[in-house]
Protein chains: 2
Amino acid sequence: MANIQEVAKKAGVSVATVSRVLNNHSSVSTRTRLRVESAIKELNYEPSMLGRNLRNSESRLLLVLIPSIANPFYTEIINGIQNTAISHQYNILLCETDSNPKRENIFFNMVKNKLADGIISMDPAVNKQKLTELADNHSIILCSEYDEEGSIPYVSIDSELAAYHAVKHLIQLGNKKIALINSDEKFLYARQRRQGYERALKEYSLPIREEWIYHTTQLDFQDGVHAMRMLLRLEEKPSAVFAVSDTLAIGALKEIKAIGLRVPHDIAVVGFDNIGFSNMTNPSLTTISQPMYKMGSTAATMLIHHIQNRKVESTILDHELIIRESTMG
Amino acid sequence: MANIQEVAKKAGVSVATVSRVLNNHSSVSTRTRLRVESAIKELNYEPSMLGRNLRNSESRLLLVLIPSIANPFYTEIINGIQNTAISHQYNILLCETDSNPKRENIFFNMVKNKLADGIISMDPAVNKQKLTELADNHSIILCSEYDEEGSIPYVSIDSELAAYHAVKHLIQLGNKKIALINSDEKFLYARQRRQGYERALKEYSLPIREEWIYHTTQLDFQDGVHAMRMLLRLEEKPSAVFAVSDTLAIGALKEIKAIGLRVPHDIAVVGFDNIGFSNMTNPSLTTISQPMYKMGSTAATMLIHHIQNRKVESTILDHELIIRESTMG
DNA sequence: TTGAAAGCGCTAACAT
DNA sequence: ATGTTAGCGCTTTCAA
């Protein structure tokens, strides 16, 4: 790869002039500009981002941290981030952390080292302390999962209210024995969704029974299958299930079928996220729809504003209950 | 962020010595090393990748190009890439191209500019010419989709044979009217899978009917739904369907159910990829399993070898037919 | 064992 | 309108 020196030499100008042409400075004469441009073409020259970044302390690269690309929930969010970033001449790089602190650290370093200009974190298991430290001097936005007391700006939904709506829907259909398939309550969203679940039950004077609350370690289909299997082994079986993720709900659906029960006739199921697949299951899945695209584009806008030292405010977006066959057969 | 100068000053040594400590040179005395190390700790110093890369022409970053993260097919491949990369002290960055040449170009530039050390491309729509040019001076590996005549090393499966196996399975179950839901035949894998489909039909003297071959533009569930709808409107309906992607097959399943037919009783369905979902559908999906993890880890190993100027050879891995309820109810 | 200094590719302040 | 040059943070050669 040719460098700026060679271009300058070939065009018979200084490197400064080449740089000016590269950056569209108005002070270059047309004649010179043309000469430089043709030299660039001839040498097939492309400026080095490395040199440029080192000089400018800017990379126009944004990092997006996700725990795992296996969860389709992130797909549409990333779409929103990507389109917004591109419209502002930024590019995004997806970083799968597997919720592994070591791996996270590498991406944090990329920002510290000016290899990227900012981070949108969607990893609920992210090391909050390290992230907060980093946020002191760098641009960080949390998306979906956030920290209530923390100082880092976020965009999310009202998980408590959404869960309340989901469970209320089940109650209004006549269900009195409603189970919860939750994930680990070390995550804020899990705690909030449980609160919403409990609020709805209390409001209708239904008992909260610990045995009807199952915690999974992950969000894979298999975790849903297993959770449902456990719930169905109880002496007093629930007549409805609210799962905090569509992937879990789909696993639950599978297991209910597997032992010969019918959805929603025997057991009604509500999920959370409205992933694409939730409409492909049989029966199709009632679920809470998060405004994923909007969440992504909002997060990206916030991050870019933050990089530009503009003020950003945390945002809570609206959710929606999507009623399908798994509750209204 | 402190830089190497400040560390040198604080430790009372030269920047060269700090650099030596950073890079574990043996020529530093223990006394000095300790002094430098404590200065590093005190200042919370971390070396700048930018400066280092500029000097070393190495980033230890690998780019993975995928058309869209929405297709779960890539999930397990990426897992394989990631684990292998990490075990060699490389990190990967996922780049979603949306099969958009402009976006691709940005990632190509990252490699040209030494911001990344190599690329694994899984985008079937990638600009082959540009990629081949880039491969002249840089490390590129193709994964899954490849170029038969091209010079770029690849890892893939034998799509023609896999499709042949899938269709043969349907024939052996007694099906005589077998439809194909294919994607755009500008992609090599689509052409190969069609060839396998035709070979199986010919072998059993079954007619190849153009109206039973449907081409989709994308690989979303909805494309499968639509394809199936079209096939079911034919006067002479197929009794079995082979879809070249599980996402398409799952959409087809949905549509077959929607008009009240049963799988596999009325119509049998075979997919391709063995994505996680394929075991969660009702009925579960018979499909061709690609060794996705292995494919990913092989691609990563090949890329790293290429970066190290070792010889790499293209590889074809084995597939497997996974028989489930959608053909053996 | 350590230090001084050049240089990776670029931009911008200053000079002309 | 254009050129000269310092310097971004680091590694490595050469010298001591």
Residue pair Leu54(B)/Ser14(B) against DNA chain C: nearer the 5' end by closest nucleotide is Ser14(B)
Toward the 5' end of DNA chain C, which comes first, Ser19(A) or Gly12(B), by nearest nucleotide?
Gly12(B)
5'-most contact on DNA chain D: Thr17(B) or Leu50(B), nearest heavy atom basis?
Leu50(B)
Whole angstroms only, please: what is the [atom1]-[atom2] distance between [X] and [N]?
X: Arg52(A); N: dG7(D); atom1: CZ; atom2: C1'; result: 17 Å
X: Ile40(B); N: dC10(D); atom1: CD1; atom2: P; result: 10 Å
X: Gln5(B); N: dA4(C); atom1: CD; atom2: P; result: 12 Å
X: Arg35(B); N: dG3(C); atom1: CZ; atom2: P; result: 8 Å
X: Asn56(A); N: dA13(C); atom1: CG; atom2: P; result: 11 Å
X: Asn113(A); N: dT11(D); atom1: CG; atom2: P; result: 11 Å
X: Arg55(B); N: dG7(D); atom1: CZ; atom2: C1'; result: 16 Å
X: Glu58(A); N: dA12(C); atom1: CD; atom2: P; result: 10 Å

Any side-chain N or O of [X] less than 4.0 Å from the OP1 or OP2 oxygen of [N]?
X: Asn23(B); N: dT11(D); answer: yes
X: Arg20(A); N: dT2(D); answer: no
X: Ser27(B); N: dT2(C); answer: no

Minimum-distance nucleotide to [X] side chain [options: [options]]:
X: Ile4(A); options: dT1(C), dT12(D), dT11(C); value: dT11(C)
X: Ser48(A); options: dG3(C), dC10(C), dT4(D); value: dC10(C)
X: Thr32(A); options: dC10(C), dT2(C), dA1(D); value: dA1(D)
X: Pro47(A); options: dG3(D), dT2(C), dC10(C); value: dC10(C)

Is the CD atom of Glu313(A) crowded by more than 12 outside heavy atoms at less than 6.0 Å?
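Incorrect, the count does not exceed 12.
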Any chance CD of Gln129(B) has more than 12 other-residue heavy atoms, nucleotides or ligands included, within less than 6.0 Å?
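No - once you tally the heavy atoms of other residues, nucleotides and ligands closer than 6.0 Å, there are 12 at most.
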[X] side chain vs [Y] backbone, donor-acceptor pair below 3.5 Å:
X: Ser139(A); Y: Gly118(A); value: no
X: Asn3(A); Y: Glu6(A); value: yes
X: Glu46(B); Y: Lys112(A); value: no

Sugar-phosphate, base or nothing in reach of Val18(B), heavy atoms under 4.0 Å:
nothing
